[in-house]
Number of protein chains: 2
Amino acid sequence: PPGKKVLIVYAHQEPKSLNGSLKRVAVEELSKQGCSVTVSDLYAMQFEPRATRNDIVGCLHNSEEFNYGMETWEAYKRGGLSSDLLEEQKKVQEADLLIFQFPLYWFSMPAIMKGWMDRVLVQGFAHEFPNCYDSGLLQNKLALFSFTTGGSREMYAKGGISGDIRYLLWPMQHGIMHFCGVKVLAPHICFAPEYVSEEKRKEMLVTWAQRLKTLWKEEPIDCSPEWYFK
Amino acid sequence: PPGKKVLIVYAHQEPKSLNGSLKRVAVEELSKQGCSVTVSDLYAMQFEPRATRNDIVGCLHNSEEFNYGMETWEAYKRGGLSSDLLEEQKKVQEADLLIFQFPLYWFSMPAIMKGWMDRVLVQGFAHEFPNCYDSGLLQNKLALFSFTTGGSREMYAKGGISGDIRYLLWPMQHGIMHFCGVKVLAPHICFAPEYVSEEKRKEMLVTWAQRLKTLWKEEPIDCSPEWYFK
């Protein structure tokens, strides 16, 4: 709906890929609804995935023994995080909805996107013990993981060789987003697009556009172990 | 035992950290046993986590539309992967045991280590459909995930707020190592070292050294959904 803000965190090297098209469809459809859409195109930005001392501007809190979690927490509080992190945090802060668009790499997100999680969602900004899970600091936001797989729907079925696809959603949806207080919408999964016809791939884009039309009426999932492992 | 080769893939920024000490203890104990130990110290190497066109030397198979999985597969077959990947693959090829030593970041490994998985374990080298899982290409090797957590053992208990720690091992142990045909030893987990006494942290190092003494007699886990979600 008009006024809603969406951040799409996008990790694919090739604009012509299905992931690229899924991202474009989301920008178009959500813009058409009157949403304001921002894209973090991680490969195009050459986003840094490594969590290092460079993320802290100026002196360290404890230069004797470098502790990334502690140093970024302290740096956040004094406004001393590197500018690329501050920019991403500003986008997250403003967003009502975060969409993560990526190809599944090794049952998870590509390293460049994992680095976005590792570096952007620092303590003080996204959580601050005991403010985690339902009391995480990014409440009143929604997240949606939208991804493509190499394996087929059958491989990712319960009893399939790769196990229920929900098993691998636990670390991303519960361990990251729920931990920060973000409510999680059902994932959007395109199974094995490389092994289907061009026609089927077009259908995948139409299905995504259709879902986005009524996305704001969706209820978040119940992000408890039962959803994943029942 | 003498002659066994071990690769430790290590991801911590600080040598004085508990992860640094756990790595050192493993090098010492395994060397004492007569093993030949190699360490990939990812931060010290400034290991590149991003999967990009730079991983392929020379021309692309399809320069019209970049497909990382396909390009690295083709490059592997013609010996055209970048030299940092070839070096890591050589270490993996020679190893009988892979130890991954890291602090848990967001229910998973740090991005720099995820990038090692994304970039090193390419098709053709580690798997080649349908050679995956029990027929993966890295058979006759063992892997062990050794990591520290921020959360306590209670948080990671079944019914705890973060769920059974085994839930988050699924993508790493089954989705990556088992997929490549590697047998998985029980993980080694140091819970919340930042919140215990110096004395307790020393005990953690002793416990790890003790385990390593009889490591070669251990049986791999049964890497099926039951182990993780029963």
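We name chains A, B, ... by the order of the sequence lines, and we start the count at 1 in each one.
- In this structure, the side chains of M109(A) and K114(B) stay at 4.5 Å or more apart for every pair of heavy atoms.
- Within the 4.5 Å cutoff, the side chain of K16(B) has heavy atoms near those of the E64(A) side chain.
- Within the 3.5 Å criterion, the main-chain N or O of F66(B) finds no donor-acceptor partner in the side chain of Q13(A).
- Annotation: N62(A), atom CG; neighbour count of heavy atoms from other residues, nucleotides and ligands within 6.0 Å is above 12.
- When each of S224(B), P103(B), G175(B) is checked for heavy-atom pairs under 4.5 Å with chain A, G175(B) comes out on top.
- Remark: R153(B) CZ is loosely packed, at most 12 non-hydrogen atoms of other residues, nucleotides or ligands lying under 6.0 Å away.
- Between R50(B) and R50(A) the shortest side-chain heavy-atom distance falls below 4.5 Å.
- The part of F47(B) that comes within reach of chain A is its backbone (N, CA, C, O), which places non-hydrogen atoms under 4.5 angstrom from that chain.
- Side-chain atoms of F107(B) and H174(A), non-hydrogen and from C-beta on, do get closer than 4.5 Å to each other.
- With a 4.5 angstrom heavy-atom cutoff, L42(A) does not touch chain B via any of its atoms.
- Only the side chain of M155(B) comes within less than 4.5 Å of a heavy atom in chain A; its backbone stays farther off.
- The choice from I112(A), T52(A), L121(A), I176(A) that makes the most heavy-atom pairs within less than 4.5 Å of chain B is I176(A).
- By number of non-hydrogen pairs under 4.5 angstrom with chain B, the leading residue of Y133(A), F129(A), F179(A), Y228(A) is Y133(A).
- Summarising the local packing, CD of E198(B) is surrounded by more than 12 heavy atoms from other residues, nucleotides or ligands at distances under 6.0 Å.
- Taking a 6.0 Å sphere around NZ of K183(B), one finds it holds 12 or fewer heavy atoms contributed by other residues, nucleotides or ligands.
- Using a 4.5 Å heavy-atom cutoff, the side chains of C180(A) and W106(B) are in contact.
- Side-chain contact between Y105(B) and Y68(A): present, with at least one pair of heavy atoms (C-beta onward) separated by less than 4.5 Å.
- Counting heavy atoms from C-beta on, the side chains of E194(A) and N67(B) come closer than 4.5 Å.
- Across all non-hydrogen atoms, the minimal contact from A111(A) to P49(B) is CB-O, 3.4 Å.
- Distance alone, capped at 3.5 Å, places no donor-acceptor pair between the D118(A) side chain and the P110(B) backbone.
- Residues of residues 158-171 of chain B that come within less than 4.5 angstrom of chain A, heavy atom to heavy atom, are I161(B), S162(B), G163(B), Y167(B), L168(B), W170(B), P171(B) in numerical order.
- Within the 4.5 angstrom heavy-atom criterion, no atom of H178(B) approaches chain A.
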